[in-house]
Structures are given as structure tokens and as C-alpha cells.
Amino acid sequence: MPNRISADHNLSLSVSIIEDQRRSLLDWYARAGRDLPWRRSWEPYSIWVSEIMLQQTQVKTVIPYYHRWMEQFPTLEHLASAELQEVLKAWEGLGYYSRARNLHACAKLIMQSHGGVFPQELSQVLALSGIGKTTAGGILSAAFNQPVAILDGNVKRVLARLVALPIPPAKATQQLWKLSEALLDHQHPREFNQAIMDLGATICTRKTPNCPDCPWKSYCQAYNLGIQSEIPMREPSSPLPTKNIGVAVIWNDQGQILIDRRPAKGLLGGLWEFPGGKIELGETVPECIKREIQEELGIEIEVGEHLITINHAYSHFRVVLSVHHCRHLSGVPQPIECDEIRWVTLDEVDQFPFPKANTQIIAALRSQEGRKYEV
DNA sequence: GAAGCGTGGCC
DNA sequence: TGGCCAAGCTT
């Protein structure tokens, strides 16, 4: 049974160690931290935008989108008064489109219910859709220097190595949150959170971490055991299922093509696409396309020549799109399984937000432009 | 708790 | 090439 003196001694010893550890990180950050566009201001709107863009998305990918976005929607009020289609067009290519829909909806909500002022209370920030614990912590620490911990992919990897976590981080979320909260420097939450993320992004990287340059190497159990490349552990994943899809580029007599807007929620919600659907067992591609167009749009078409075949991987399945030119024969297209339908020229199509796989179809059409298509 | 939700880069 | 991962959140 330890007496009070030794207990106090141990406590003060561990406290001084953790203070040294924080200081090491902050000193490193002052020297080696990244200069990122969204760190040049503490304005909550711009930090919010950056935090949402950075969800599951690399910094290098985000930077050009961030600059364009802030140019187009410089304030929360600008975003709130924009059209959703305009917002989705600005997000086109960034993926996880619910992020853009949520940004837009939350901007409107903040204008209506928060007087246009981004909330500073954790519970109110967490109540905004698209903002979870990590994003809330990122915003509140970066914008207001509030001591709210984060646990993003970088921090998970850093902490998993720090304690030589013997299980996949996904199985230890609770413990890792506790650790992030315990380590957080309440005197410098803004710098600390950004520093630990930078450490994960530039030193404690997934493959071949640069341990010799790490300010935490003396504290890192994985490094001191020589197992830093084995951590974080991960569990085996099964291969993505593949769906074969028949897709129609339907032409009318005016030289226009038919596009449809997907339902507002779910996969690629609110984006435009070329219509089509899953190829059933024993069905040819033209048979599939003719059937799907009848079912989804209620029109008759003639399926013509093959345009392009596209392989594309989403987050949880893979598709093979077999795209054919088609000719509209009869019937007025009905939005049976979509929200809206339009006939557009190839010049007009750029105004609409499309998912990546569909922009490849448009590119293929462009490369054929000048060649007159006949069924 | 597990599945749904995009895209680009890397090897 | 296909698998893995990257500043996660929602249902």
C-alpha cells in the first residue's frame, strides 16, 4: 500500500513527464508545423468549411477546393443564400456529397436560429449535422482555442504507436479518446491539436514513419520496441462487390442528351447522371438498358453503339458502367426513380454537378464530338 | 455496432 | 492492376 508521499511523488512525476511531452510537441510544431490556408484565420466559418472538406480527404486534395469555395462562398451568409446545385457543383469531385448538403443546410440553420453566428458551445456545434466529436473539437480548438480533444486518423495512428496499441484502433476508440483528452494541453489547445495532427501527417506517417525526427520518440512505446511499422494494427477486409451497370446516353432529334438528378439523399444524392441500372443475370447490355429506361423513365428507346466502358470504385462497392448511345423513340420521360429530368446540349452539361464516373462519360462524348452519331 | 457514403494517390 | 488509406459522420 503506497503512502501518501510516494503517491504524490508518482503523481507529480507523471505530471511533469506529460508536461515535458506536451512541450516537446509544441516546440516541434513551432519549428516544423504546416502552413495551411485555413490556419491563417480564426474565423469559425472558414475553419468549419476546412474541417468538413478534410473529413476522409487528404490535405493536398482539399487545398484547391478550399480556395475556390472561399472565393465563391466567402461568408456563411453567402453559403446560406446559394442554391444547392451551385453548392454541389463547387463540391463536384470531392466525394461524400452529404458533406456539401449538410454545410449548405447548416448555414441556413445558423442564419435562422443562431443569428448568423457560428455557435461556440460544444453541444450546439455537435447538434449540427455533419459535425461529430472530432470535427467539433477541431473547430472549437482552432477557432476559439477551447480545450476540446480530437481523434482523427492522424491522432489515432500517433496514439496507437505511443502506447503500442496491440489491437486495431477501431476496437479501442474509447481508450484513444481518453488518451487524447488526457494529453491535450489545456493552456494551448489550438496549437496542441494542430501539432498532433501535423505529427501524424508528416512524421508519424502510415508507412515508414520518420521516427528519428519525432519529438515524441522517447515517449513512444512502439518506437522503443521497434514495432512502429506494425502499428496501428488493422483487421482484414473483404473485397468490394462488383455491380455491372448498363448506362444510356439518350439523344433526341434536337441533338440533346437526357440527364437525371438523383434523389436528394443517399449515394451521390442531388447529383446528375446518365440513366441506367443493374444488368440482370442472363441479360445483355442493350436489353438491360432498354428495360431500365422503360422502368425508370417510362420511355421507349433504341439502343445503339457502345460509347465507353468505365471501371469505378466507390467506398463500398465497385461498378462497371457499360455506356451506349441511344435514340429516343417515344414517350415523355417521367421522373419515376429520380428527382428531375432534363434534355441538355453537350455545352450545357457542364453547369450540372456530376459524379466522377459520369464525367468520364461526358469526356468520351466530347472526344466524339464532330463525329455525327447515327443509330 | 456495423454498414453506407467518393475520390485520388500510392504501390 | 486491385487493395489500402486519407483531418469521420450518420443511421
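Sequence lines set the chain letters: A, B, ... in the order given, protein chains first and strands last, and positions in each chain run from 1.
Minimum atom distance to the side chain of A:Arg206 is reached by C:dC5, of the listed B:dT7, C:dC5, C:dA7. Taking every side-chain heavy atom of A:Tyr96 into account, B:dC5 is the closest of B:dC5, C:dC9, C:dA7. Comparing C:dT10, C:dG8, B:dG8 by their closest approach to the side chain of A:Gln56 singles out C:dG8. Of the candidate nucleotides C:dA7, B:dC11, B:dG8, B:dC11 has the atom lying nearest to any side-chain atom of A:Lys207. For A:Tyr314, whose side chain is taken as the heavy atoms from C-beta onward, the closest listed nucleotide among C:dG8, C:dA7, B:dG6 is B:dG6. Here B:dT7 is the nucleotide among B:dG6, B:dT7, C:dG2 with the atom lying nearest to any side-chain atom of A:Pro355. The side chain of A:Tyr97 sits closest to B:dT7 out of B:dG8, C:dA7, B:dT7.
A salt bridge links A:Lys89 to A:Glu92: one of the charged nitrogens lies within less than 4.0 Å of a carboxylate oxygen.
Following rounding to the nearest Å, A:Lys133 (NZ) and C:dT10 (C1') show an atom-to-atom distance of 16 Å. Put simply, CG on A:Asn154 is 7 Å from P on C:dG8, counting in whole angstrom units. Atom CG in A:Leu240 sits roughly 13 Å away from atom C1' in B:dA3 (whole-Å rounding). Taking atom CZ on A:Arg99 and atom C1' on B:dG6, their separation rounds to 8 Å, with Å as the unit. Remark: C1' of C:dC9 and CG of A:Leu128 are 13 Å apart, rounded to the nearest angstrom. Taking atom CZ of A:Phe317 as the reference point, atom P of B:dC5 lies 7 Å away to the nearest angstrom. Protein atom CD1 of A:Ile131 is 12 Å distant from nucleotide atom C1' of C:dG8, rounded to whole Å. Computed from coordinates, the A:Glu235 CD to B:dA3 C1' distance equals 13 Å when rounded to whole Å.
Nucleotides C:dA7 and B:dA2, compared at atom P, are 24 Å apart to the nearest Å. Taking atom C1' on both nucleotides, C:dT11 is separated from B:dG1 by 11 Å, rounded to a whole Å. The gap from the P atom of C:dC4 to that of B:dA3 amounts to 15 Å, rounded to the nearest Å.
Taking the six-membered ring for Trp and thresholds of 30 and 60 degrees, A:His306 and A:His324 have ring planes more than 60 degrees apart, a perpendicular arrangement. Taking the six-membered ring where tryptophan is involved, the planes of A:Tyr314 and A:Phe317 are tilted, since the angle between them lies from 30° to 60°. Below 30°, between 30° and 60°, or above 60°: for A:Trp38 and A:Tyr66 the angle between ring planes is above 60°, a perpendicular geometry. Aromatic ring pairs are classed by plane angle as parallel below 30°, tilted from 30° to 60° and perpendicular above 60°; the pair A:Phe354 and A:Phe274 is parallel.
Across the interface with DNA chain B, nearest-nucleotide mapping of A:Lys171 and A:Leu271 shows A:Lys171 to be the residue nearer the 5′ end. Position along DNA chain B of the nearest nucleotide to A:Lys60 versus A:Ser315 favours A:Ser315 as the more 5'-ward residue. If A:Leu36 and A:Ser129 are placed on DNA chain C by their nearest nucleotide, the residue sitting closer to the 5' end is A:Leu36.
Between A:Arg234 and C:dC5 there is a side-chain N or O to OP1 or OP2 distance below 4.0 Å. Taking 4.0 angstrom as the limit, A:Arg34 places none of its side-chain polar atoms (N or O) nearer than this to OP1 or OP2 of C:dA7. The phosphate of B:dT7 (OP1 or OP2) has a side-chain N or O of A:His312 nearer than 4.0 angstrom. For C:dC4, one of the phosphate oxygens OP1 or OP2 lies less than 4.0 angstrom from a side-chain nitrogen or oxygen of A:Ser237. Contact between the side-chain N/O atoms of A:Arg157 and the OP1/OP2 oxygens of C:dA6 is found at a separation under 4.0 Å. Taking only side-chain nitrogens and oxygens, A:His316 never comes nearer than 4.0 Å to OP1 or OP2 of B:dA3.
Looking only at side-chain heavy atoms (C-beta outward), A:Arg190 and A:Gln194 come within less than 4.5 Å of each other.
Applying the 6.0 Å contact sphere to CD of A:Glu295 captures more than 12 heavy atoms from other residues, nucleotides or ligands.
Here A:Leu151 lies out of heavy-atom contact (under 4.0 Å) with every strand. Nucleic acid contact class of A:Gly132 (heavy atoms, under 4.0 Å, all strands): sugar-phosphate only. Looking at heavy-atom distances under 4.0 Å, A:Trp38 makes contact with a base.
In the interface, the side chain of A:Thr57 is paired with the base of B:dG6 through a donor and an acceptor atom under 3.5 Å apart.
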